[in-house]
> 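Below you'll find the structure I mean.
By convention in this document, chain letters (A, B, ...) are assigned in the order of the sequence lines, proteins followed by strands, and residues within each chain are numbered from 1.
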Number of protein chains: 2
Amino acid sequence: MNQPRPRIPEATVARLAVYLRVLTGLADGGRSSVSSGELASAAGVNPAGLRKDLSHLGPCGVRGVGYEVATLRDRIARVLGVERSRACVLVGIGNLGTALADYAGFGSRGFRFVGLFDAAPARVGQRIGGQPVRPIEELDEVVAGTAATIGVIATPAEVAQSVCDRLAAAGVRSILNFAPLALSAPAGVDVRQVDLSVELQVLAFLGQQRGVAAPTVEVLA
Amino acid sequence: MNQPRPRIPEATVARLAVYLRVLTGLADGGRSSVSSGELASAAGVNPAGLRKDLSHLGPCGVRGVGYEVATLRDRIARVLGVERSRACVLVGIGNLGTALADYAGFGSRGFRFVGLFDAAPARVGQRIGGQPVRPIEELDEVVAGTAATIGVIATPAEVAQSVCDRLAAAGVRSILNFAPLALSAPAGVDVRQVDLSVELQVLAFLGQQRGVAAPTVEVLA
DNA sequence: AGCCGCTTGTGAACGCAGGAACAAAGTCGC
DNA sequence: GCGACTTTGTTCCTGCGTTCACAAGCGGCT
């Protein structure tokens, strides 16, 4: 009918998810209103930037007062699509996969795992967070039966591409990849990469660049 | 001499880490040279952007031929500081912490955990990846004894800030935070945030946005 | 030796994100 | 009822990142 979302920049969407988390915490704490300054401080961003992010949702605050916590929370939740729970499948139940399956943060944010898959027969049948690990062969069946649109890959890098192909073929439209490998997916399938080693290396580089006075003496080779 | 690293943009550093991983794989596979196009494809980036990233290291390719795999790998490794192993401490040995402690990708990239810490007495004494879990009280001692400069927080959000304070007080200069909370650290301490739920929510939003845009008929003005 | 094709490295333009300052608007106090 | 203060929403501007396009350089072939 209208155009409530002309285009929301991706960086803004990421921050909106952070604001939503903070607002949920404030609401649980009994707070009824917040100012942009306080909210920005809790989210770790600039107040002006926060207001600009919120301006993409249309006016949702009261000048001179601030934002009503519950109202703003619900509006962000609606824009992000958190109001309805989303079915996800998780492939690769190793250490990381187990941690993701057990992570309570997903369930409280509108994501539920409807299928845990692994190729190793030893892992199939184990129960993680009340759910059984299924053989990878049942992937298509579960995706079709649950209309899951999001897949999470936590497998070793060697099989990540084939898992990606299977997910895409099964009808999954969005893939979150933890394997340290650039995946190639067909058009229409979004892939988002999370590389934990890269995060550490960036951190180490920044620290090294800044820490010239490090305890280790740098010797030119 | 002049300035070998005037300033390398943070986004470039993150990609350099990816190139390094790809190059290591190519070297292990016996490849001796690569073109920017092939390397960019394997890393999932634009060829021109890759060349610009590499230009921050000075000329390191041969025109008409490409890049020598081993040479480029070593040069990136030196710039990122991977040549010497870096000591890290990990606080919070829950599901995620266990996965991180066991993750082989860190060790092969120059990061070694010299201390695993948890506040729960039940977890103290367990061995993860050949290392014992220590009580949080020993944090200062271990950081001082190992000169660890990087700390990883994988605790619940409620205690993440106090852990951050302890790490900073112990002398840790760089912190990678997995708790869904914006940390405030003293000046001189770098904090990098990884929020898994945010990644999923961004992915869900993009998928939802496209799902809405697809069935809607676009009308030209 | 000279030419040709291929690939790198760099320069410029475009678009986007971030930050600061300003105007609008609503509420509280008098 | 009116003024002033507080806080939002917006606008401008600066800087960065990304992309495209071209010139420079090197190897191979004739």
Side-chain angles (χ1 to χ4, degrees), chain A residues 4-19 23 26 31-69 71-73 75-76 79 182 193 198 202 205-206 209, chain B residues 2 4-19 23 26 31-69 71-73 75-76 79 182 193 198 202 205-206:
Chain A
R5 32 192 102 111
R7 274 189 302 272
I8 300 185
E10 191 172 316
T12 293
V13 173
R15 283 188 296 267
L16 284 177
V18 177
Y19 307 153
L23 287 167
L26 288 175
R31 289 288 301 273
S32 61
S33 71
V34 244
S35 68
S36 66
E38 189 179 358
L39 194 55
S41 158
V45 300
N46 189 293
L50 181 138
R51 292 199 296 272
K52 177 172 292 192
D53 287 338
L54 263 45
S55 74
H56 287 105
L57 316 178
C60 47
V62 180
R63 300 181 188 224
V65 177
Y67 302 91
E68 207 213 336
V69 172
T71 306
L72 184 57
R73 176 197 50 171
R75 182 178 295 210
I76 294 180
V79 169
Q193 178 82 20
V198 168
V202 171
F205 177 81
L206 295 177
Q209 205 176 28
Chain B
N2 56 3
R5 33 189 102 114
R7 263 193 308 270
I8 301 185
E10 191 172 314
T12 294
V13 174
R15 283 189 297 265
L16 284 177
V18 176
Y19 307 153
L23 287 166
L26 288 175
R31 288 288 302 271
S32 61
S33 72
V34 244
S35 67
S36 65
E38 189 179 358
L39 195 54
S41 158
V45 299
N46 188 294
L50 182 139
R51 291 199 298 271
K52 174 155 288 199
D53 287 338
L54 262 47
S55 74
H56 288 104
L57 317 178
C60 46
V62 180
R63 300 182 187 225
V65 178
Y67 302 91
E68 207 212 336
V69 172
T71 306
L72 184 57
R73 177 198 49 170
R75 183 178 295 210
I76 294 180
V79 170
Q193 178 83 19
V198 167
V202 172
F205 176 80
L206 295 177

> Which value, rounded to the nearest 0.5 Å, describes the distance between A:Ser33 atom OG and A:Tyr67 atom OH?
12.0 Å
> Return the value, rounded to whole Å, for the distance between atom NE2 of A:His56 and atom P of D:dT8.
17 Å
> Calculate the interatomic distance between A:Asn46 atom CG and D:dT7 atom P; express it in whole Å.
16 Å
> In whole Å, what is the span from the CG atom of A:Leu50 to the P atom of D:dT8?
9 Å
> For a quick test of your reading: what N or O donor-acceptor pairs under 3.5 Å do the side chains of residues 8-18 of chain A make, sequence neighbours left out?
unit_1  : atom_1 : unit_2   : atom_2 : d
A:Glu10 : OE2    : A:Arg192 : NH1    : 2.8
A:Thr12 : OG1    : A:Asp53  : OD1    : 2.9
A:Arg15 : NE     : A:Asp53  : OD2    : 2.7
A:Arg15 : NH2    : A:Asp53  : OD1    : 3.2

> Got a sec, which residues hit side-chain contact (heavy atoms from CB on, under 4.5 Å) with A:Ala42, two or more places apart in sequence or on another chain?
A:Val22
> Which comes earlier along DNA chain C counting from the 5' end, the contact point of B:Lys52 or that of B:Gly37, where each point is its nearest nucleotide?
B:Gly37
> Once you apply a heavy-atom cut-off of 4.0 Å, does A:Gly61 come out as touching a base, just sugar-phosphate, or nothing?
sugar-phosphate
> Please list all pairs passing the side-chain hydrogen bond (donor to acceptor under 3.5 Å, both in side chains) test where one or both residues lie in residues 34-45 of chain B, with sequence neighbours left out.
B:Arg31-B:Glu38, B:Ser36-B:Arg51
> Distance check needed: D:dT7 C1' versus A:Leu54 CG, whole Å only.
13 Å
> Enumerate all atom pairs, one protein N or O and one N or O from nucleotides 21-29 of chain D, separated by less than 3.5 Å.
unit_1 : atom_1 : unit_2  : atom_2 : d
D:dA24 : N3     : B:Arg63 : NH1    : 2.9

> Atom CG in A:Leu72, atom CD1 in A:Ile76: separation rounded to 0.5 Å?
4.0 Å
> Hey, what do you get for OH (A:Tyr19) to CZ (A:Arg75), rounding to the nearest 0.5 Å?
15.5 Å
> Need two values: the first and the last nucleotide of DNA chain C, 5' to 3', having an atom under 4.0 Å from any heavy-atom of chain A.
C:dA17 to C:dT27
> What is the separation between atom CD on B:Glu10 and atom P on D:dC16, rounded to the nearest whole Å?
13 Å
> Under the rule for side-chain contact (heavy atoms from CB on, under 4.5 Å), what residues qualify as partners of A:Arg73, not counting sequence neighbours?
A:Leu20, A:Leu23, A:Thr24, A:Ala27, A:Ala70
> Is the shortest heavy-atom distance from the side chain of B:Phe205 to the side chain of A:Val79 under 4.5 Å?
yes
